[in-house]
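Worksheet: the structure to be examined is printed underneath.
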Amino acid sequence: MAALRYAGLDDTDSEDELPPGWEQRTTKDGWVYYANHAEEKTQWEHPKTGKRKRIAGDLPYGWEQETDENGQVFFVDHINKRTTYLDPRLAFTVDDNPTKPTSRQRYDGGTTAMEILQGRDFTGKVVVVTGANSGIGFETAKSFALHGAHVILACRNMTRANEAVSQILGEWHKAKVEAMTLDLALLRSVQHFAQAFKAKNVSLHVLVCNAAAFALPWSLTKDGLETTFQVNHLGHFYLVQLLQDVLCRSAPARVVVVSSESHRFTDINDSSGKLDFSRLSPSKSDYWAMLAYNRSKLCNILFSNELHRRLSPRGVTSNAVHPGNMMYSSIHRNWWVYTLLFTLARPFTKSMHHRFHIQNGNRAGKHQCLSNRLSGIRNKKEKKETNKLCY
């Protein structure tokens with residue numbers, strides 16, 4: 001027990017003594033896990049007692065938590081000028097042994113993004129989130145960054161993106177987070193983003209296609225396409241195609257496409273059952289903002305399903321997700337009528353607290369990003385849509 005004595009702790013509980021070859025470690029957010037050096041594996045349960053534990057309380061005065069070049073947490077005692085990989089709070093752990101629920105039971109309407117990530121360490125993982133300067137995208141980026149991931153905020157407005165980066169760094173100054181320019185309404189910008197990302201020579205473990213436009217007046221992008229369709233679907237489609245090789249090299253990797261239940265209230269086929277391209281990028285006379293949004297969200301789901309079919313054999317999982325009734329995000333800002341409707345609907349949504357509510361909506365996407373149960377599995381409820389509508 002030399003390591004315990006070195007950290008200033010005494011081991012008095014023989015039940016918790018580890019077998020030879022085992023080491024006790026902690027994650028950044030205070031969860032205890034156990035490393036078996038003989039078999040080169042880790043687990044959350046104590047190898048003898050089967051208990052899960054978490055740290056209680058803050059670090060002692062004069063201590064600071066750091067991360068080494070391999071991503072492992074270590075601790076610095078500035079008073080005695082020494083370092084150790086053993087958390088000095090390990091003498092004050094508390095048991096955490098909830099009954100293991102099913103996937104449906106584990107997360108509900110009250111679960112937040114940070115609760116989804118509880119006990120997880122994403123050091124060494126690279127995550128790209130589009131539209132990450134506010135709303136669901138920001139909470140997604142922040143949650144990953146605070147749990148060790150290298151997060152890239154892919155945003156059109158760099159001023160707001162840099163403010164978001166500063167806000168995350170304000171919560172944890174050692175977070176690995178940066179902003180890069182991505183304008184989904186300009187395919188050349190999508191191409192430049194992909195080139196700049198590849199130039200970094202890093203992996204890509206999670207790509208969250210979150211950015212979206214809602215209730216826009218009719219307009220064409222510089223590429224000659226209706227704006228809602230290009231921003232919500234085609235821009236992300238092109239982005240994934242350009243980064244597909246990086247995703248496959250980084251396997252296991254995941255693509256999460258933020259869609260919406262509103263996809264159910266539209267169709268993109270003509271009366272004969274064939275795909276009607278004019279519905280995807282309609283003329284001004286045939287345009288209705290809500291219908292354009294619904295069609296773009298349907299395209300999201302069809303794309304996610306087909307992407308999963310093609311890339312899952314190569315270790316890349318794709319899922320589309322409905323984030324919930326996100327009345328407190330800024331997606332409705334483009335027209336005062338929708339803002340009024342969203343405001344009137346607030347009493348019937350999940351929470352009246354802005355910060356909690358955004359995190360609450362984000363938990364669906366976060367579960368898609370993290371759950372091992374979803375590895376290699378696409379959204380079952382959307383399967384019938386693929387059979388109904390060709391893409």
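Fair warning: this is a prediction, and the values are worked out from it, not measured in the lab. Only heavy atoms go into these numbers, but all of them, side chains included; no hydrogens, no water, no symmetry mates.
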(request) Provide the closest heavy-atom pair for Ala154 versus Leu182 in the form atom of the first, atom of the second, distance. (result) CB-CD2, 3.7 Å

(request) Identify the heavy atoms of Leu204 and Ala253 that sit nearest to each other, and give their distance. (result) O-CB, 3.6 Å

(request) Taking Ser312 for its side chain and His308 for its backbone only, find out whether a donor-acceptor pair lies under 3.5 Å. (result) yes

(request) First locate atom CZ of Phe303, then atom OG of Ser296, and finally report the distance between them rounded to the nearest 0.5 Å. (result) 13.5 Å

(message) Are Val129 and Met158 linked, directly or through intermediate hydrophobic residues, by side-chain heavy-atom contacts shorter than 4.5 Å (ILVMFWY only)?
(response) no

(request) Examine distances only and state if a side-chain atom of Trp218 and a backbone atom of Pro282 form a donor-acceptor pair shorter than 3.5 Å. (result) yes

(message) For a 4.5 angstrom cut-off between non-hydrogen side-chain atoms, does Leu311 reach Gln244?
(response) yes

(message) Would Thr227 and Thr221 count as a side chain to side chain donor-acceptor pair (under 3.5 Å) here? Give the steps.
(response) CA-CA 6 Å; Thr227 303; Thr221 66; 5.8 Å; no

(request) Report yes if some heavy atom in the side chain of Lys125 is under 4.5 Å from a heavy atom in the side chain of His150; otherwise report no. (result) no

(message) Give me the atom names and distance for the closest heavy-atom approach of Cys299 to Phe229.
(response) SG-CE1, 4.2 Å

(request) Test Val246 against Arg249 for side-chain contact (heavy atoms from CB on, under 4.5 Å), laying out the working first. (result) CA-CA 5 Å; Val246 184; Arg249 287 200 306 268; 3.7 Å; yes

(request) Drop me the distance from Cys209's SG to His236's NE2, to the nearest 0.5 angstrom. (result) 4.5 Å

(message) Has His205 got a side-chain atom pairing as donor or acceptor with Val126's backbone, closer than 3.5 angstrom?
(response) yes

(request) Would you check if Thr26 and Trp31 make a side-chain contact, meaning some heavy-atom pair closer than 4.5 Å? (result) no

(message) I need the minimum non-hydrogen distance between Leu184 and Val231, along with the two atoms involved.
(response) CD1-O, 3.5 Å

(request) Indicate yes or no: at least one non-hydrogen side-chain atom of Asp87 is less than 4.5 angstrom from one of Arg25. (result) no

(message) Could you walk me through whether Leu18 and Tyr34 satisfy the side-chain contact (heavy atoms from CB on, under 4.5 Å) test, starting with their C-alpha distance in whole Å, then the side-chain angles of each, then the deciding distance to 0.1 Å, before giving a yes or no?
(response) CA-CA 9 Å; Leu18 292 171; Tyr34 303 91; 3.7 Å; yes

(message) Between Thr228 and Tyr293 (side chain of the first, backbone of the second, donor and acceptor by atom type, cut-off under 3.5 Å), is there such a pair?
(response) no

(message) Taking Leu242 as the starting point, is it possible to reach Val255 by hopping between hydrophobic residues whose side chains are less than 4.5 Å apart?
(response) yes

(request) Run the ring-centre check on Tyr85 versus Phe75 and record whether the distance is less than 6.0 Å. (result) no

(request) Would you please classify the geometry between the Phe237 ring and the His233 ring as parallel, tilted or perpendicular, with 30° and 60° separating the classes? (result) tilted

(message) Given 3.5 Å as the limit, does a donor-acceptor pair link the side chain of Asp223 with the main chain of Leu187, or not?
(response) yes

(message) What I want to find out is whether Lys142 reaches Glu139 closely enough, with some N-O distance under 4.0 Å, to be called a salt bridge.
(response) yes

(message) Looking at Gln195, I'd like to know if its CD atom is crowded, meaning that more than 12 non-hydrogen atoms belonging to other residues, nucleotides or ligands lie closer than 6.0 Å.
(response) yes

(message) Assess the residue pair Leu169 and Val177 against the criterion (side-chain contact (heavy atoms from CB on, under 4.5 Å)); give the C-alpha distance rounded to whole Å, side-chain angles, the decisive distance to 0.1 Å, and a yes or no.
(response) CA-CA 8 Å; Leu169 291 174; Val177 57; 3.8 Å; yes

(message) Less than 4.5 Å apart, side chain to side chain, heavy atoms only: is that true for Glu226 and Leu280?
(response) no

(message) So, applying side chain to side chain contact (heavy atoms under 4.5 Å, CB included) with Trp22, which one of Lys48, Gln43, Glu39 is it?
(response) Gln43

(request) For residues Gln167 and Phe138, determine if any side-chain heavy atom of one lies less than 4.5 Å from a side-chain heavy atom of the other. (result) yes

(request) Verify, without hydrogens or angle tests, whether Gln230 (side chain) and Ala185 (backbone) share a donor-acceptor contact under 3.5 angstrom. (result) yes

(message) To the nearest 0.5 Å, what is the distance between CZ on Arg309 and OG on Ser304?
(response) 13.0 Å

(request) Apply the test side-chain contact (heavy atoms from CB on, under 4.5 Å) to residues Val32 and Arg52: give CA-CA distance (whole Å), side-chain angles for both, the deciding distance (0.1 Å), then the verdict. (result) CA-CA 7 Å; Val32 178; Arg52 291 192 178 199; over 6 Å; no

(message) To the nearest 0.5 Å, what is the distance between OG1 on Thr84 and CG on Asp77?
(response) 9.5 Å

(message) Distance check, rounded to the nearest 0.5 Å: Arg279 atom CZ versus Leu298 atom CG?
(response) 11.0 Å

(message) Quiz question: by atom type and distance under 3.5 Å, do the side chains of Lys297 and Asn300 form a donor-acceptor pair?
(response) yes

(message) Check whether Asn36 reaches the backbone of Ala38 with its side chain - one donor and one acceptor, N or O, closer than 3.5 Å.
(response) yes

(message) For Lys222, is the NZ atom crowded, meaning more than 12 foreign heavy atoms sit under 6.0 Å from it?
(response) no

(request) Measure across Asp183 and Arg156 and return the closest heavy-atom pair with its distance rounded to 0.1 Å. (result) OD1-CD, 3.6 Å

(request) Answer yes or no: is there an ion pair linking Glu45 with Lys53, defined by an N-O contact shorter than 4.0 Å? (result) no

(request) Specify the closest pair of heavy atoms between Trp172 and Leu146, including all atoms of both residues, with the distance to one decimal. (result) CB-CD2, 3.6 Å

(message) Rounded to the nearest 0.5 Å, what separates atom OH in Tyr238 from atom CG in Leu243?
(response) 10.5 Å

